[in-house]
Amino acid sequence: MTSTRVNSRKEGFTLVELLVVVAILGILAAIAVTMLGGNKDKANCAAVKSDLANLARHQEAYFVDERVYVAISQNADRSSNIPGFTWSQGVILVSSTGTNSGWTATARHPVCTTSPFTYDSAAGGLR
């Protein structure tokens with residue numbers, strides 16, 4: 001008589017194994033969210049600095065044509081009174097001055113913890 005052996009082992013994962021995997025994924029997700037939060041702040045601060053640097057180029061081009069620096073403005077559609085210059089989304093102009101010899105502009109972003117930033121042409125640039 002031959003005996004047949006029945007294989008009672010079923011394939012799959014146990015509940016404990018699945019819970020361990022879910023816990024590891026939760027820890028990794030928490031780490032990723034924390035790291036991305038800091039990057040968003042840096043990106044918004046970079047947008048303010050970038051806008052002020054772009055504004056400097058546009059101000060110099062305007063000065064070549066008109067022989068005067070102007071106080072910059074910010075309209076509701078993010079446009080400005082300097083031809084070709086548009087503010088980035090979320091960047092807010094705080095103050096600006098312009099004379100025959102120089103200009104300043106201060107801008108901030110609500111989600112940038114180190115703003116506002118000021119560009120002062122007489123002092124050599126971004127402060």
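Throughout, residue positions are numbered sequentially from 1 according to the sequence presented.
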### Task
With side-chain hydrogen bond (donor to acceptor under 3.5 Å, both in side chains) as the test, would you mind laying out the steps for Thr118 and Asp120 before giving the verdict?
CA-CA 6 Å; Thr118 299; Asp120 186 345; over 6 Å; no
Can you tell me how far the [atom1] atom of [X] sits from the [atom2] atom of [Y], to the nearest 0.5 Å?
X	Y	atom1	atom2	answer
Asn44	Ser88	CG	OG	10.0 Å
Glu66	Asn100	CD	CG	12.0 Å
Gln74	Ser96	CD	OG	11.0 Å
Gln59	Thr104	CD	OG1	9.5 Å

Of the non-hydrogen atoms in [X] and [Y], which two are nearest, and what is the gap between them?
X	Y	answer
Gly102	Ser121	CA-OG, 3.2 Å
Gln89	Arg78	OE1-NH1, 2.6 Å
Gly84	His58	O-NE2, 3.2 Å
Glu17	Gly12	OE1-O, 4.5 Å

### Query
Other hydrophobic cluster members with Tyr119, side-chain heavy atoms of Ile/Leu/Val/Met/Phe/Trp/Tyr under 4.5 Å, chained?
Val48, Leu52, Leu55, Tyr62, Phe63, Val68, Tyr69, Val70, Ile72, Ile82, Phe85, Trp87, Val91, Leu93, Trp103, Phe117, Leu126
### Task
For the pair Leu18 and Thr14, evaluate side chain to side chain contact (heavy atoms under 4.5 Å, CB included) and give the outcome as yes or no after the intermediate values.
CA-CA 6 Å; Leu18 290 175; Thr14 66; over 6 Å; no
### Task
For the pair Asp77 (side chain) and Thr86 (backbone), establish whether a donor and an acceptor sit closer than 3.5 Å, ignoring hydrogens and angles.
no
### Message
Looking at Ala47, is its backbone amide N or carbonyl O close enough to the side chain of His109 to form a donor-acceptor pair, meaning the two atoms are under 3.5 Å apart?
### Response
no
### Task
Verify whether one side chain among Ser73 and Ser80 offers a donor that lies under 3.5 Å from an acceptor in the other.
no
### Task
Report yes or no: do Leu28 and Val20 belong to one cluster of Ile/Leu/Val/Met/Phe/Trp/Tyr joined by side chain heavy-atom distances under 4.5 Å?
yes
